[in-house]
Chemist: 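First the structure, which I've put down as C-alpha cells, then a few questions once you've had a look.
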Protein chains: 2
Amino acid sequence: MSHARPTLTDVARAAGVSVSTASLAFSASGPIADSTRAKVLDAATELGYGGPNPAGRQLRSGRYDIVGVVIGDKLKRSFRDPVSVQVLDGLTSALGEADLGVLLVPGVESYVDGEIGVDPLLTSAGMDVAVLIWGAHTSDPRVETLRKRGIPIVVGEGNEVEGSSLVEIDDHGGVVATIEHLTGLGHERFVTITLPFRMGRREGWVDDARRELVDWTPTRHRLDAVLGSGVDLVGIYETEASLVENGAAAMRAILERFPDPATRPTAVVAQSDLLAAGAVLALHEAGLRVPEDMSVAGFDGLDLPWFSGELTTVIQPLEAKGREMGLAVRALLADGTVTRTTMPVELRIGTTTGPPPSAAAPRNS
Amino acid sequence: MSHARPTLTDVARAAGVSVSTASLAFSASGPIADSTRAKVLDAATELGYGGPNPAGRQLRSGRYDIVGVVIGDKLKRSFRDPVSVQVLDGLTSALGEADLGVLLVPGVESYVDGEIGVDPLLTSAGMDVAVLIWGAHTSDPRVETLRKRGIPIVVGEGNEVEGSSLVEIDDHGGVVATIEHLTGLGHERFVTITLPFRMGRREGWVDDARRELVDWTPTRHRLDAVLGSGVDLVGIYETEASLVENGAAAMRAILERFPDPATRPTAVVAQSDLLAAGAVLALHEAGLRVPEDMSVAGFDGLDLPWFSGELTTVIQPLEAKGREMGLAVRALLADGTVTRTTMPVELRIGTTTGPPPSAAAPRNS
DNA sequence: CTGTTAGCGCCTTCAT
DNA sequence: ATGAAGGCGCTAACAG
C-alpha cells in the first residue's frame with residue numbers, strides 16, 4: 001500500500017489516457033468526450049484522488065484565487081467592531097461569488113517605538129490582490145511590501161494610493177449634515193469624540209500638537225468636517241477604540257471638564273455609533289437626560305437592538321461598501337481596471353438630538 | 001525595460017551566486033555567510049524582487065502555511081455572532097504566532113432540498129489543515145471532501161470525526177449546573193430556548209419528531225442535559241439564530257402559549273446569552289419582572305455592556321477554546337499528533353435568576 | 001559555506 | 001478529441 005497521495009499522472013495512467021486529457025476532465029476548460037471524462041473521474045475515485053493539487057495549479061497558472069484582506073493592526077479589534085464586521089460581510093460575499101478565497105491578514109506584526117513590522121503573511125502568502133479595509137497611512141510599509149511583490153491593491157477609506165483602487169464613503173458630507181441638523185436646533189457649543197487617530201493609540205483630550213497627528217482616514221475626514229464647519233468646538237476627545245466603554249469614558253471626561261451646566265457643551269458629535277451609545281449611557285448614569293440636557297449624534301447607522309430610543313446618526317452602507325470593494329477586486333482581476341468609488345451616506349434623525357437646554361428655562365437643580 | 005517579475009534565478013545571477021544559495025538567503029534555513037546574504041539581498045532590492053514566489057515554494061515544500069477555517073453555512077452569521085467572533089479571535093492569534101495564515105471558508109455552498117453543496121474553496125484551495133469551528137454533522141460532506149484531499153481536520157464542538165483532533169467544552173456539565181441552581185431555588189416548571197438544530201433552520205416550538213433532528217452538537221448537548229435532568233420541561237422553543245431578537249421572539253411565544261401566571265413556567269434555560277438577553281427584554285416589554293416573575297439563565301458568559309443587571313450564565317472560555325484549536329492545528333502540523341480537549345465551564349450566578357413567584361404570595365394583578 | 005542536480009504537480013501550447 | 005513535450009519558481013538532498 002502506497003502512502004503517497006496520487007497525482008494527476010497516476011489517475012491518467014489508471015484511466016488509460018494522457019495527463020493533459022486527465023487535466024481537462026477536471027478543469028472543464030477544453031473539449032473532452034463525456035465518456036473519457038467519466039473514465040478519468042472513475043479512476044480518480046478509485047485511487048482516492050482529491051482533485052488537482054493547488055500548488056501545482058497555482059505555479060502553472062500564476063493565480064491563487066485568493067485575496068488577502070488586511071484588517072488592521074489586530075484581528076481582535078476588527079472582529080469585535082460591528083462596523084468592520086459588516087464590511088467584511090459584504091466583501092466576503094462578493095468575493096465568494098467569484099470563488100475567491102479570503103485570507104485574513106493582520107497587516108502589522110509589531111508596532112514598537114513607531115517602528116512598524118509588517119506581518120510575514122503580507123510578505124510571503126500567495127494572493128492575487130490585497131484589500132486594505134481600513135485605508136493606508138502615509139508611507140505605509142504594507143503598501144511598500146505589496147508594491148514590491150507586484151500585488152494590486154484595493155483601499156477602503158482614503159489616503160489614496162497611486163495606482164490602486166479606492167472605495168470610500170462621503171464622511172465629510174455626513175458630518176456636515178449632522179452639524180447642520182444640530183445648529184438648526186440651536187446648538188452652539190460642541191464637543192466631538194473621535195475614533196483612534198493612528199496606530200499608536202491613545203485616549204484623552206486632544207491638543208493642537210496631537211491634532212496634527214491624525215493619520216487614520218475616517219477619523220481625519222470626520223474631524224475635518226467639524227473643524228471646517230465653523231461651529232464653536234470646545235473640545236476634541238480621542239478614543240483608543242470604537243467601543244461602548246470608550247464612549248462612556250469620553251463622556252465622563254467631558255462632564256468632568258465642564259461641570260457647569262450653563263457653559264457645558266450642548267451637543268456631542270461622536271465619530272461612531274458605539275461611541276455615541278456609550279456617551280448616552282454615561283449621561284444617563286450621571287442623571288442627565290438625552291436630548292434634553294445634551295444632544296448626542298453618532299456615525300455608522302448601526303442597528304443597536306439594546307439601545308432604547310434611536311440614535312441620530314449618519315447611515316453609511318457598510319455591507320454595500322464591502323461588496324463594492326469585492327467588485328473592485330474582481331475588476332482588477334478581470335482586466336486590471338483601477339476604480340474609484342464614493343458611497344453616499346444619509347443622516348437619520350433619531351431621538352438623541354433635540355434643542356439645547358434653553359437658558360431662559362433652566363432645569364431644576 | 002522588462003515587464004516580467006524577477007525570479008530567484010535573476011537575483012542569483014545578479015548577485016553572482018547559485019540559485020540555491022540565493023534561496024538560503026531568504027529562507028534562513030541553512031548556513032550562509034552574512035556577506036553572501038547581504039550580496040543577495042542587495043541584488044534583490046536592486047531588481048525589485050519581492051521575495052520568493054509562494055507558488056513555487058508551496059509546490060516544492062508541500063506546505064502552504066495556511067489553515068482553512070470553516071466557519072459555518074454563512075460567513076455573515078459567524079461574523080455577527082459574538083461567540084464565533086471570540087473563538088475566531090483566539091484561533092487566529094494562536095495561528096498567527098506560528099505564522100500560519102487563516103483562509104476563511106464558508107464550507108457550505110448551497111443547501112437545497114437537503115442537498116448539501118460543498119464550497120469550491122474546500123475542494124480546491126491550498127491548506128495544510130482545516131478547522132471546522134462549529135463541528136461536523138453526521139456524514140458531513142465537508143469532512144468527506146477533506147478526507148479525500150488528505151487534509152487533517154480539527155473539529156470544534158463534537159460529533160467526533162475519526163482521526164481528527166477535537167476541542168470541545170463541557171456543555172453538559174454547564175447546563176446541569178444551571179438546572180441544579182434553579183431547582184435549588186425552588187423552580188419546577190421549565191422552558192428551554194435552543195440554538196438552531198441543523199442546517200435547515202426553523203423557528204418555533206419543537207415536537208417529538210423535530211426533537212430527533214438535532215444535528216448541531218452544542219444544541220444537542222445542551223438540550224440533552226435538560227432532558228436528562230428529570231425536571232418538568234413544558235416546552236422546547238427552537239430559534240433560527242442566536243440573536244437578541246430571536247430570544248425576544250421566543251419569549252413572546254412562551255408568554256402567548258402560557259398566558260396564566262399560575263401555570264406558566266417559572267424558569268427559562270436559554271442556550272445562549274443573546275437568546276437569554278432577548279428573553280429578558282421581552283419580559284420587560286410585557287411588564288414582567290426578572291427574576292421575580294420569571295428566572296432566565298443563559299449560556300456563554302458574554303460581556304453585554306448594554307445589559308442592565310447581570311445574566312446568570314455558564315461561562316465558557318471562548319477565546320481559550322479558539323487558542324486551543326490553534327494549538328491542536330500546530331500539533332497536527334508538527335508531528336501529526338491528534339488531540340482531544342475538553343474545556344471546563346463555570347456557572348456564574350447573576351441577577352436574572354431567583355426564587356419562583358410563590359403561590360402563597362401572588363403578585364398583584 | 002556554496003554549488004549541482006532533480007524534480008514538486010500541473011497546465012498550456014502544439015501537433016496529431 | 002486526444003497526446004507529447006516543456007517549463008512555471010522554487011527548495012531538498014547531496015556533493016564539494
Side-chain angles (χ1 to χ4, degrees), chain A residues 2-41 43-44 47-65 123-128 149-151, chain B residues 2-41 43-44 47-65 123-128 149-151:
Chain A
S2 155
H3 245 43
R5 219 119 258 301
T7 77
L8 196 53
T9 314
D10 301 327
V11 175
R13 186 174 20 239
V17 300
S18 77
V19 215
S20 49
T21 302
S23 175
L24 290 184
F26 287 98
S27 70
S29 73
I32 185 172
D34 283 354
S35 61
T36 317
R37 146 178 287 127
K39 238 185 346 190
V40 174
L41 264 33
L47 295 178
Y49 178 72
N53 176 324
R57 187 170 14 119
Q58 286 167 5
L59 179 56
R60 183 59 235 236
S61 68
R63 283 202 42 167
Y64 297 93
D65 290 321
T123 351
S124 61
M127 57 184 87
D128 300 319
R149 291 186 61 191
I151 297 174
Chain B
S2 155
H3 246 40
R5 221 122 255 302
T7 77
L8 195 53
T9 314
D10 302 326
V11 175
R13 185 174 22 237
V17 301
S18 79
V19 215
S20 54
T21 303
S23 176
L24 289 184
F26 287 99
S27 70
S29 74
I32 186 174
D34 282 354
S35 62
T36 317
R37 148 181 284 126
K39 233 178 3 182
V40 174
L41 263 32
L47 294 178
Y49 179 70
N53 178 324
R57 184 169 17 117
Q58 287 165 5
L59 179 57
R60 180 60 240 231
S61 69
R63 282 200 46 165
Y64 297 93
D65 291 322
T123 349
S124 59
M127 57 184 88
D128 300 319
R149 291 186 61 190
I151 298 174

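Chain identifiers are assigned alphabetically (A, B, ...) following the order of the sequence lines, protein sequences preceding nucleic acid strands; residue numbering begins at 1 within each chain.
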Chemist: Heavy atoms only: give me the nearest B:P6-B:L47 pair and the separation to one decimal.
Modeler: CG-O, 3.6 Å
Chemist: At under 4.0 Å between heavy atoms, what does A:A55 touch on the DNA or RNA strands: base, sugar-phosphate, or nothing?
Modeler: nothing
Chemist: Whole angstrom is fine here: how far is it from CG in A:L8 over to C1' in C:dC8?
Modeler: 14 Å
Chemist: Where do A:S124 and B:P54 come nearest, in terms of heavy atoms and distance?
Modeler: O-CG, 3.4 Å
Chemist: Round to a whole Å and report the spacing from CZ of A:R149 to C1' of D:dG9.
Modeler: 14 Å
Chemist: Taking for each residue the nucleotide of DNA chain C bearing the nearest heavy atom, is the 5' side occupied by B:A33 or by A:R60?
Modeler: B:A33
Chemist: Specify the separation, in whole Å, of atom CG of A:N53 and atom P of D:dC8.
Modeler: 18 Å
Chemist: Please check: side-chain N/O of B:D128 versus main-chain N/O of B:D65, any donor-acceptor pairing under 3.5 Å?
Modeler: yes
Chemist: Nearest-Å distance, CG (B:D10) to C1' (D:dG9)?
Modeler: 10 Å
Chemist: Can you check the B:Q58 CD to C:dG9 P distance for me, whole Å?
Modeler: 14 Å
Chemist: Considering just the side-chain nitrogens and oxygens of A:Y49, establish if one lies under 4.0 Å of OP1 or OP2 belonging to C:dC10.
Modeler: yes
Chemist: It should be established whether A:T36 places a side-chain nitrogen or oxygen under 4.0 Å from OP1 or OP2 of nucleotide D:dA1.
Modeler: no
Chemist: Applying side-chain contact (heavy atoms from CB on, under 4.5 Å), run through A:R63 and A:Q58 and close with a yes or a no.
Modeler: CA-CA 5 Å; A:R63 283 202 42 167; A:Q58 286 167 5; over 6 Å; no
Chemist: When rounded to the nearest 0.5 angstrom, what distance separates CE in B:M127 from CZ in B:R149?
Modeler: 5.5 Å
Chemist: Could you pull out the closest heavy-atom pair between B:A44 and B:V11, with the gap in Å?
Modeler: N-CG1, 3.9 Å
Chemist: Using atom CG of B:L59 as one end and atom P of D:dG9 as the other, report the distance to the nearest whole Å.
Modeler: 12 Å
Chemist: Roughly, in whole Å, what's the span from CZ in A:R37 to P in D:dT2?
Modeler: 10 Å
Chemist: Name every residue in residues 16-25 of chain B that has at least one heavy atom under 4.0 Å from any atom of DNA chain C, in order of residue number, or write none if there are no such residues.
Modeler: B:V17, B:S18, B:S20, B:T21
Chemist: Quickly work out the B:Y64 OH to C:dC8 C1' distance and round it to whole Å.
Modeler: 11 Å
Chemist: Are the ring centres of B:Y64 and A:Y64 closer than 6.0 Å?
Modeler: no
Chemist: I'd like to know if B:R57 reaches the base of D:dC10 with its side chain, counting only an N/O donor and acceptor under 3.5 Å.
Modeler: no
